[in-house]
Every structure is written in C-alpha cells, then in structure tokens.
Amino acid sequence: MTTSSVKELLSSDQFLQEVCVKGWVRTFRSNRFIALNDGSTIKNIQCVVDFENTDEALLKRITTGAAVAIKGTLVESQGKGQSVEVQVNNLEILGDSNPDEYPIQPRKHGFEFLRKNAHLRVRTNTFSAVMRVRSALSFAVHQYFQQNGFYYVNTPIITGSDAEGAGEMFKVTNFEPNKAPLNEEGEVDYGQDFFGKQTNLTVSGQLEAETYAMGLGKVYTFGPTFRAENSNTTRHLAEFWMIEPEVAFYDLDANMDLSEDFIKYVLQYVLDNCKDDLEFLENRLLQEEKTKPQAERSEMSLIEKLKFVVDNNFKRVSYTEAIDILRNSKPNKKKKFQFPINEWGADLQSEHERYLVEKHFKCPVILFDYPAKIKAFYMRLNDDGKTVRAMDVLFPGIGEMVGGAQREERLDVLKEKMAALDIPEEELWWYLDTRKFGTAVHSGFGLGFERLVLFTTGMSNIRDVIPFPRTPQNAEF
Ligand code: 4AD
Ligand code: MG
C-alpha cells in the first residue's frame with residue numbers, strides 16, 4: 001500500500017478506502033485519538049485507535065513525538081473540527097519518544113526556549129508554518145525571475161573582494177591560529193595561504209553578478225551571504241540569504257519598478273498558495289498582539305497587511321524629502337529619536353526608517369538619491385556631485401528590506417570614487433574591466449530573504465524564520 005500524506009488524506013473524499021499514513025504523534029487523548037502530523041500541512045489528521053483491542057504496551061508507546069506508521073480506513077469524521085479521520089487497523093511504532101525527555105510538549109513554548117531546540121522546533125505548528133511559507137517564497141523568487149527572462153547565477157561564497165566596502169567580513173584562512181607565517185614587515189603572509197591571497201566569506205554577490213549582467217543581460221543570485229557585524233537585533237543575522245537581481249540597461253526607475261513588482265509577485269504567490277499556514281500565522285500574531293499595549297498593536301491583520309502591500313503603490317521619496325519630513329517630525333522635535341536628525345547628510349537609522357513607513361506614509365517606501373558619503377563606492381554619482389542613485393525599500397515592522405542602486409558605469413568616475421575611499425584598483429581590476437569594455441547603464445538590488453520571510457509570516461525575530469540562525473555568540477547545530 002502506498003503511503004499518503006496527511007494533506008492528501010484531508011482533502012480526499014474517497015471514504016472507506018484503506019490508507020497508510022506515517023508521521024509524528026502530536027497528541028494522544030483518551031487512549032483513543034491520535035493527532036498525527038507529517039509536515040505536509042499545518043493540520044493534523046485524527047487517527048482513532050480501537051483501544052479495547054489494542055495491546056496495553058503498544059498504547060503506552062503512543063506518545064507525543066513518536067514516529068508511527070498507521071494503516072486504516074478513511075472515514076467521514078464524527079467529531080468536530082475535521083472532515084475525515086482514519087480508523088486505525090494497524091499501528092506500528094517506527095520510533096519511540098520518551099515523554100519525560102521530549103522537549104516539545106503539547107503546550108505553548110516560548111520562542112527563546114524553542115531556539116535552544118532549533119533541531120526540534122519545526123515539529124511545532126508555528127515553525128512548520130513559517131518554514132513552509134519560506135519554501136514557497138523561495139520557489140516564487142525563482143519563478144518570478146525565470147518567467148521574466150532572468151538567468152540564475154551562482155556567485156562565489158569565498159571571495160577576495162569586499163563588495164560593500166564596509167569591512168565586516170569573516171576571514172577564510174587555512175592558517176593555524178598563531179602559526180601563520182609572517183612577511184618581512186611582520187604581517188601575516190597570505191601569499192602562503194590556501195588561495196595565495198587574503199580571502200573572506202562574501203557579503204554580497206553583486207560585483208560578480210554585475211559582470212554576468214554585462215553578458216547575460218538579466219541575472220539574479222540567490223545564495224548565502226555573511227556579515228561579521230556585531231548587531232544583536234531582531235533584524236540581523238551573521239549568515240543570511242540574499243536575492244540580488246542585476247540588469248543591463250536598467251536605470252534607477254526601472255530598478256525601483258522591478259523591486260516593487262518582484263515583492264508584490266512573491267507575496268501574491270504566498271497569498272494564493274499558503275492559505276492554511278497564513279491563517280494560522282495570522283491567528284498567532286493576533287494572540288501575540290493582545291499581550292501588547294493598544295497603541296503598539298497593528299491596525300491590520302497579517303493577511304490584510306500582505307494584501308495591502310500587493311494592492312498599493314510603494315511611495316517613492318528622495319532622501320532629501322525624507323530628511324525634511326524627519327526634521328519636522330514630532331519625535332524629532334520632542335527629542336524622541338535616539339539619533340536626532342539635524343542636517344542633510346545624516347545616515348538614517350532604523351528608528352527613522354520606521355517612522356517614515358509606519359507613522360508618516362503608512363505604506364512601503366522607496367527612498368532614493370542618498371548622499372554619496374553614506375553609500376557604497378559603486379553607486380552612480382548624480383549631476384549634483386553629492387548624491388548617488390541609491391534606493392532602499394523600507395517596510396513597516398521591518399525597516400530596510402532592499403538596498404540597491406544604479407551602478408557607476410563611467411570608468412573615470414568610478415576610479416575617482418575608489419581612490420577617495422582607498423580601494424586599490426589592483427583588487428578590482430576585473431570589475432573595472434566591465435567599465436572598459438562595453439560599459440553600459442545597469443542597476444540591481446539586494447533583498448534580504450529572511451526580512452522578507454519575517455514580513456510575510458508576521459514573526460518578530462529574524463532568528464525564528466531561518467532553520468538554524470547564526471548570530472553573535474551562537475552557531476549551535
Ligand atoms: O543593503 P545591503 O548591504 O546591500 C548590498 O549588499 C548590495 N550589494 C545589494 C545589491 O545591490 N546587489 O544588503 C541588502 C539587503 C538589506 O536591504 C537587508 O534586507 C539585507 O540585505 N541584510 C541583512 N539581512 C539580515 N541580516 C543582516 N545582517 C543583513 N544585512 C543586510
Ligand atoms: Mg543597505
């Protein structure tokens with residue numbers, strides 16, 4: 001007999017058929033009712049044991065967390081809350097689970113506790129829902145780009161360059177600590193290291209993706225990126241996944257259009273394909289919000305929020321306009337911002353971004369034309385000589401979801417900017433080559449995948465939307 005998934009059985013109306021289903025026991029009530037889950041859906045299937053004709057010893061082994069194989073008859077359910085159930089004819093314990101030791105009990109656990117049990121937390125409703133939505137989002141990402149003429153490129157994870165020029169990189173070396181050979185100046189001689197040069201884990205695949213856009217036209221990456229920044233926030237991971245489209249002949253306006261269209265597409269995909277999980281997550285969020293003071297509660301439910309983003313235009317605002325709004329804002333005047341906004345040129349902190357999207361515009365916002373001083377070297381300088389064609393997409397509850405730009409395609413201007421920031425030309429000779437041979441206007445952006453999952457699932461900590469989070473002082477599992 002073939003094994004059916006719980007999802008298949010729950011949507012079946014082939015009553016009285018013999019079925020086989022395998023999964024993990026969520027609960028076992030009254031020595032009779034097993035709530036069985038196999039991960040295929042948020043819903044459990046009820047399996048009814050004929051306890052009078054079942055061995056006592058076997059009944060004792062039907063515990064929360066145990067893996068079981070059940071053969072039985074699919075029938076219309078008598079009970080409330082489900083349409084079908086399985087009348088168990090044969091039950092085999094595939095793997096026992098000692099109820100005194102199994103950490104995931106059938107009651108509410110705090111997320112902090114579940115993070116410590118990240119290897120088991122996917123067996124809870126919340127985490128299985130989040131991870132199914134995450135999977136659907138990944139699929140939608142590929143589908144969007146593949147349907148729109150983009151090619152998927154895999155940029156290196158080990159690299160010799162610092163794409164963001166921020167220096168927050170994890171080193172990759174084969175030297176033993178304290179035994180690294182030194183050169184005549186007494187510095188570590190990376191010439192003798194595995195790659196013959198200093199290398200690190202990539203912070204972004206952009207620079208390599210740009211070279212591919214200049215041959216394939218439209219490309220995207222979707223891979224892991226690493227940042228050694230010591231940010232212990234609910235929005236930062238040391239290892240996260242980034243989606244980076246890069247397109248030849250796109251200017252900043254086309255880039256903004258692409259980011260907006262892309263985000264709307266993947267959210268719509270989840271609305272269409274993850275209904276049960278979204279309903280569960282919406283309810284979870286509702287319960288969580290009830291514990292907060294009224295003023296901090298969201299006006300919209302999770303699904304309403306997703307629909308709102310899909311149905312409304314993102315507001316496009318220049319950095320200069322944003323600074324005016326912030327400077328004249330109530331929290332700035334009342335000195336409520338931790339970093340007060342006094343003058344043009346200030347870097348925007350998360351509190352400012354969130355004020356703009358959550359209080360002022362109440363919708364996703366694309367900020368563009370930032371001061372050159374606070375942005376990376378590769379962004380195209382505007383004619384005013386002081387702003388660059390940068391764009392950040394800001395989301396309610398999240399802050400920055402996307403960072404991107406039109407790239408500096410003029411060789412001389414790019415070289416000048418690199419010189420000003422002490423970025424050696426020898427290190428990026430290959431990047432400069434794209435500006436020497438057939439240079440063209442081009443643009444791209446990076447979207448932090450976990451921030452997207454965070455928004456879509458209504459979770460509040462980024463550690464809860466990636467299977468095994470890497471954060472300062474934490475690389476368990
Ligand atoms: O703004 P960032 O640093 O931009 C880049 O790396 C560009 N090279 C992208 C490009 O143009 N191709 O990062 C892009 C996005 C951010 O907007 C944010 O969503 C996410 O990556 N991000 C993080 N997500 C989780 N944890 C972190 N530590 C993150 N740092 C950035
Ligand atoms: Mg950024």
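One-based numbering, in listed order, for ligands and for the atoms of each. If you read the sequence from its start, that first residue is 1, and numbering goes on from there. Computation of the quantities below employed the complete heavy-atom set of this structure, encompassing side-chain atoms and omitting hydrogens, waters and symmetry-equivalent molecules.
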Peer 1: For ligand 1, which atoms have a heavy atom of G403 less than 4.0 angstrom away?
Peer 2: 1 (O), 9 (C), 10 (C), 11 (O), 17 (O)
Peer 1: Is any side-chain N of the basic residue among D369 and K375 closer than 4.0 Å to the acidic one's carboxylate O?
Peer 2: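 A salt bridge is absent here (no side-chain N lies under 4.0 Å from a carboxylate O).
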Peer 1: Quick check on Q147: does its CD atom have over 12 non-hydrogen neighbours (other residues, nucleotides or ligands) under 6.0 Å away?
Peer 2: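 Yes.
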Peer 1: Kindly assign one of parallel, tilted or perpendicular to the pair Y265 and Y144, based on the angle between their ring planes and the thresholds 30° and 60°.
Peer 2: tilted
Peer 1: Side chain or backbone, does G448 bring an N or O within less than 3.5 Å of an N or O on ligand 1?
Peer 2: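 By distance alone, the answer is yes.
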Peer 1: Please determine if E246 has a nitrogen or oxygen closer than 3.5 Å to a nitrogen or oxygen of ligand 1.
Peer 2: no
Peer 1: Could you verify whether a donor N or O on one side chain and an acceptor N or O on the other, from N37 and N44, lie under 3.5 Å apart?
Peer 2: yes
Peer 1: How does R407 reach ligand 1, if at all, at less than 4.0 Å between non-hydrogen atoms: by side chain, backbone, both, or neither?
Peer 2: side chain
Peer 1: With heavy-atom distances below 4.0 Å as the criterion, list the atoms of ligand 1 near R235.
Peer 2: 25 (C), 26 (N)
Peer 1: What atoms of ligand 1 come closer than 4.0 angstrom to any heavy atom of S204?
Peer 2: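 Heavy-atom distances to S204 below 4.0 Å select 6 (O), 8 (N).
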Peer 1: To make sure I understand the geometry: which N, O or S atom in E400 is closest to the Mg ion (ligand 2)?
Peer 2: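 Output for this pair reads OE2.
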Peer 1: Considering only non-hydrogen protein atoms, determine which one is nearest to atom 18 (C) of ligand 1 and report residue, atom name and distance to 0.1 Å.
Peer 2: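 The closest heavy atom on the protein side is R451 NH1, 3.5 Å.
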Peer 1: For atom 23 (C) of ligand 1, tell me which residue out of F445, F449, F240, Y220 has the closest non-hydrogen atom.
Peer 2: F240
Peer 1: Would you indicate whether F195, at its atom CZ, is surrounded by more than 12 heavy atoms from other residues, nucleotides or ligands within a distance under 6.0 Å?
Peer 2: yes
Peer 1: As a test of understanding, state which of E210, E408, E425 forms a salt bridge (charged side-chain N to carboxylate O under 4.0 Å, His left out) with R435.
Peer 2: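 Going through the options one by one, the only one that passes is E210.
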Peer 1: Can you pull out the closest protein heavy atom to atom 19 (O) of ligand 1? Residue, atom name and distance to 0.1 Å, please.
Peer 2: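 It is M401 O, 2.8 Å.
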Peer 1: Using a 4.0 Å cut-off to any heavy atom of Y378, which atoms of ligand 1 qualify?
Peer 2: 7 (C), 8 (N)
Peer 1: Going by salt bridge (charged side-chain N to carboxylate O under 4.0 Å, His left out), E409 matches just one of R389, R380, K436. Which one?
Peer 2: R380
Peer 1: Quick check: M242 and ligand 1, any N/O pair under 3.5 Å apart?
Peer 2: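 Looking only at distances, the answer is no, because the N/O contact criterion of under 3.5 Å is not met.
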Peer 1: Using 0.5 Å steps for rounding, measure from the OG1 atom of T211 to the CD atom of E246.
Peer 2: 9.5 Å
Peer 1: Counting N and O atoms only, with roles assigned by atom type, does the side chain of R463 sit under 3.5 Å from a partner on the main chain of P469, one being a donor and the other an acceptor?
Peer 2: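 No: the side chain of R463 does not pair with the backbone of P469.
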Peer 1: If you count every heavy atom of other residues, nucleotides or ligands that lies below 6.0 Å from F468 atom CZ, does the total exceed 12?
Peer 2: yes
Peer 1: Decide whether an N or O pair under 3.5 Å exists between L237 and ligand 1.
Peer 2: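 Yes, at least one N or O pair falls under 3.5 Å.
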Peer 1: With a 6.0 Å cut-off (strictly less than), is the heavy-atom count around CZ of F455, excluding the residue itself, greater than 12?
Peer 2: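 Check passes, neighbour count above 12.
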Peer 1: Starting from atom 4 (O) of ligand 1, find the nearest protein heavy-atom neighbour and note its residue, name and distance.
Peer 2: E164 OE1, 3.9 Å
Peer 1: Looking at atom 6 (O) of ligand 1, what's its closest protein heavy atom, distance included?
Peer 2: R227 NH2, 2.9 Å
Peer 1: Looking only at distance, does H236 have an N or O less than 3.5 Å from an N or O of ligand 1?
Peer 2: no
Peer 1: Can you classify the ring geometry of W344 versus Y319 as parallel (below 30°), tilted (30 to 60°) or perpendicular (above 60°)?
Peer 2: perpendicular
Peer 1: Give the residue, atom name and distance (to 0.1 Å) of the protein heavy atom nearest atom 16 (C) of ligand 1.
Peer 2: E400 OE2, 3.3 Å
Peer 1: For ligand 1, does V402 get within less than 4.0 Å through its side chain, its backbone, both, or neither, judged by non-hydrogen atoms?
Peer 2: backbone
Peer 1: Under a 4.0 angstrom heavy-atom cut-off, which atoms of ligand 1 come close to G404?
Peer 2: 11 (O)
Peer 1: Name the closest protein heavy atom to atom 14 (C) of ligand 1, giving the residue it belongs to and the distance to 0.1 Å.
Peer 2: G446 O, 3.5 Å
Peer 1: Test D277 against every option in R132, R134, R284 by the salt bridge (charged side-chain N to carboxylate O under 4.0 Å, His left out) rule and name the one that passes.
Peer 2: R132
Peer 1: Provide, to 0.1 Å, the distance between atom 12 (N) of ligand 1 and the closest protein heavy atom, together with that atom's residue and name.
Peer 2: E244 OE2, 2.7 Å
